[in-house]
Amino acid sequence: MPPKPKQKILMVAPEAAPFIKVGGLADVVGALSKAVAERGHDVRIVIPWYAGMRHVSEARPLEDPLLIVKLGGHEAYARVWECPLPGSDAKCYFLEHNRYFDTPTVYCGPSGDETDNGYRFTFLSRAAMDLCHHLEWYPDIVHCHDWATGLVPIYLNTNERETPLGRAASVMTIHNLQHQGWFHRRIVDYAGLPATVFRQDGLESMGEVNMLKGGLYHATKITTVSPTYAREIQQPEGGCGLHHLLRYRAGDLIGVINGIDMEEWNPATDPLIPANFKAGQMKGKAECKAALQRAYGLNVDPSQPVYTVVSRLFDQKGLDLLAAIGDRLMEQMHIQVAVLGTGDAGLEQAFQDLAQRHPGRFAAHLAFDNELAHLSVAGADFLVMPSRFEPCGLSQMYAMAYGTLPIVRSTGGLADSVEQYIEGEGIGTGFRFDHPTADALYYTMGWSCATYYDRPKELAKLQKNAMQADFTWDQSAGIYEDIYGWALDARRAAFSE
Ligand code: GLC
């Protein structure tokens with residue numbers, strides 16, 4: 001095959017690891033950019049410069065840092081910083097604009113809440129366009145991530161269509177369809193978009209602006225983060241009100257499973273765990289298990305299986321099911337549970353109460369703690385992930401890389417990445433169940449517990465299978481490369497009509 005032509009790719013995103021991270025989207029933007037740049041493409045990322053990023057010491061202002069952002073009827077300014085993406089040739093631009101981004105985190109503005117988000121992310125989208133003109137760097141592909149960048153494909157098809165930027169194809173990735181970015185229609189004027197985009201086959205939804213919907217209508221190609229989720233969102237149950245649109249665009253919608261960053265999540269080299277290990281040399285894992293038990297205040301006992309949770313504690317993740325069966329598990333099974341995460345106050349309380357009722361056996365660390373996340377994933381025997389829906393999910397892949405077997409609901413990326421255990425045959429990489437009920441989770445945990453005690457050889461085989469599965473970005477980056485090519489062909493064809 002002839003070598004693929006080198007492309008210029010602009011990633012527009014609300015967050016990107018390692019600079020600022022709320023969820024998996026940030027990991028994907030960082031790791032995918034790196035993987036695509038490794039294939040020889042010119043990849044640049046643009047994100048806001050949040051107050052929470054002031055520690056990023058490698059950032060330097062552009063030579064000509066003052067960017068004029070052309071909003072509807074007025075101009076605003078941003079100061080642009082440039083920063084290499086660590087370990088990569090890709091680079092990142094940060095947009096400094098204090099009125100919107102002088103805030104420690106991503107989705108709350110300086111006012112401390114979400115009220116300005118329509119303006120804040122319109123500003124990001126518009127500024128990404130103006131930055132290309134400012135740099136006179138015109139991408140072949142603009143790759144947009146989630147609702148916060150939904151206006152970008154619309155700008156490319158309207159205001160920018162006759163400019164050199166208008167040749168760019170857009171790819172819109174859905175990381176989570178539940179968040180769509182609903183705002184008052186005055187956003188259209190603020191954005192400086194033509195009023196005609198505010199219509200049912202466009203930005204409008206029940207009289208308001210729906211940013212994701214607009215982006216999905218206008219994008220050249222659409223991707224989401226697993227093949228199963230790509231199918232689920234075309235059904236009424238999974239479509240969050242957009243299944244008609246997604247079916248209409250089904251020919252342009254492709255599910256690509258995320259990879260994981262194997263430099264950060266590799267048990268053989270991980271500097272954040274007390275002992276390293278790999279398939280075939282598992283002694284270090286036992287040491288990690290003891291360290292995990294100590295860190296959580298669990299009884300240090302190598303014979304009991306440890307089940308861990310590493311997750312944001314939100315409805316999506318289905319962890320209320322685990323809370324509901326906590327006492328039953330402790331009474332009926334000889335196991336330990338270690339929960340790491342923050343989120344919903346009621347759920348935090350429920351886990352805390354369980355820990356109090358079952359000292360030494362049930363523990364909850366209610367925080368975001370990267371080091372403990374590595375230790376939990378490395379030291380546990382099982383990871384519990386009963387998500388109600390899961391576009392891709394990353395924790396289950398981290399877990400498998402460390403020989404920690406995931407117990408997951410068969411949905412989205414969990415169904416695509418965890419292979420069901422077939423008893424007696426040593427096949428599989430984890431344990432799956434179908435119905436999002438407490439009983440289904442209880443019995444599946446019971447099944448895994450019985451396997452742990454009664455079929456240790458098979459369990460070791462599953463561990464090995466899990467550790468040998470390929471979750472690197474390489475394959476998925478290759479698929480994105482194809483998608484960029486298809487998007488560009490489609491865009492060029494549209495221009496020559
Ligand atoms: C969102 C999804 C999660 C996915 C991540 C990265 O956080 O909820 O399933 O892994 O985005 O794409």
Side-chain angles (χ1 to χ4, degrees), residues 257-296 298 300-311 335-340 370-386 393-408 413-414 416-432 444-445 447-473:
I257 190 108
N258 292 330
I260 57 174
D261 184 344
M262 287 298 287
E263 269 159 45
E264 204 200 330
W265 295 91
N266 183 347
T269 54
D270 191 338
L272 298 178
I273 57 176
N276 292 113
F277 57 93
K278 56 184 179 196
Q281 289 175 29
M282 296 294 282
K283 249 180 62 201
K285 189 165 169 81
E287 227 178 284
C288 292
K289 180 164 172 177
L292 178 164
Q293 288 170 322
R294 280 194 297 273
Y296 279 93
L298 294 167
V300 179
D301 175 357
S303 72
Q304 283 198 40
V306 175
Y307 290 74
T308 195
V309 168
V310 179
S311 178
I335 67 171
Q336 298 182 342
V337 179
V339 177
L340 174 64
N370 188 41
E371 198 168 332
L372 194 55
H374 279 250
L375 181 62
S376 306
V377 157
D381 299 285
F382 300 101
L383 175 97
V384 184
M385 210 165 161
L394 297 170
S395 294
Q396 82 281 9
M397 293 195 262
Y398 299 149
M400 286 185 272
Y402 287 71
T404 298
L405 301 176
I407 293 168
V408 301
L414 298 176
D416 291 337
S417 59
V418 179
E419 193 190 354
Q420 179 72 303
Y421 168 43
I422 302 182
E423 213 168 287
E425 294 186 20
I427 290 175
T429 60
F431 299 80
R432 291 177 9 190
T444 311
M445 288 180 73
W447 179 26
S448 67
C449 178
T451 309
Y452 178 92
Y453 283 110
D454 301 339
R455 298 172 179 264
K457 275 211 185 110
E458 257 190 79
L459 197 89
K461 179 70 179 33
L462 296 193
Q463 276 188 330
K464 196 164 168 197
N465 297 346
M467 294 176 84
Q468 284 170 347
D470 180 8
F471 298 119
T472 57
W473 263 104

Side-chain donor/acceptor of Tyr452 to backbone N/O of Ser303, under 3.5 Å | yes

Minimum side-chain heavy-atom gap Leu298-Leu292 below 4.5 Å | yes

Of all the heavy-atom pairs spanning Pro267 and Asn276, show the shortest one and how long it is.
-> O-ND2, 2.9 Å

Are any side-chain N or O atoms of Glu419 and backbone N or O atoms of Ile427, one a donor and one an acceptor, separated by less than 3.5 Å?
-> no

Student check: side-chain heavy atoms of Met262 and Ile260 closer than 4.5 Å | yes

Taking only residues two or more places apart in sequence or in another chain, which ones pass side-chain contact (heavy atoms from CB on, under 4.5 Å) with Asn370?
-> Glu264, Trp265, Leu272, His374

In this structure, SG of Cys449 is separated from CD1 of Ile335 (nearest 0.5 Å) by 6.0 Å

Could you grab the distance from atom OG of Ser311 to atom CG of Leu394, nearest 0.5 Å is fine?
-> 11.0 Å

If you draw a 6.0 Å radius around CD in Gln468, do more than 12 non-hydrogen atoms from other residues or ligands fall strictly inside?
-> yes

Are the side chain of Thr308 and the backbone of Val377 linked by a donor-acceptor contact shorter than 3.5 Å?
-> no

Nearest heavy-atom pair of Lys464 and Ala279: which atoms, and what distance?
-> CG-CB, 4.5 Å

Does any non-hydrogen side-chain atom of Ser376 lie less than 4.5 Å from one of Tyr296?
-> yes

What heavy-atom pair brings Pro274 and Leu375 nearest, and what distance separates the two atoms?
-> CD-CD1, 3.6 Å

Closest heavy-atom pair and its distance - Gly426, Lys461 = O-CG, 3.4 Å

Please round to the nearest 0.5 Å and tell me the distance separating atom CG of Leu462 and atom CE of Met400.
-> 11.5 Å

Here the gap from Leu340 atom CG to Glu371 atom CD, rounded to the nearest 0.5 Å, amounts to 11.5 Å

Trp447 side chain reached by Glu423 side chain, heavy atoms, under 4.5 Å = yes

Parallel under 30°, tilted from 30 to 60°, perpendicular over 60°: which one fits the rings of Tyr307 and Phe382?
-> parallel

If we only count heavy atoms from C-beta on, is the Phe277 to Tyr402 side-chain gap below 4.5 Å?
-> yes

State whether the side chain of Asn465 and the backbone N or O of Thr429 hold a donor-acceptor pair below 3.5 Å, judged by distance alone.
-> no

Do the non-hydrogen side-chain atoms of Thr404 and Lys285 ever get within less than 4.5 Å of each other?
-> yes

Find out whether Tyr421 and Leu405 are in side-chain contact, i.e. whether some heavy atom of one side chain is under 4.5 Å from a heavy atom of the other.
-> no

Okay, side chain of Gln293, backbone of Val300: is any donor-acceptor separation there less than 3.5 Å?
-> no

Considering all heavy atoms of both residues, which atom of Ile257 and which atom of Ser417 are nearest to each other, and what is their separation?
-> CD1-CB, 4.4 Å

To the nearest 0.5 Å, how far apart are CG in Asp416 and CE in Met397?
-> 9.5 Å

Tell me, do Arg432 and Leu414 make a side-chain contact under 4.5 Å, heavy atoms counted?
-> no

Would you say Lys289's side chain and Pro302's backbone share a donor-acceptor pair under 3.5 angstrom?
-> yes

Looking only at heavy atoms, what is the nearest atom pair of Met282 and Lys278, with distance?
-> SD-O, 3.5 Å

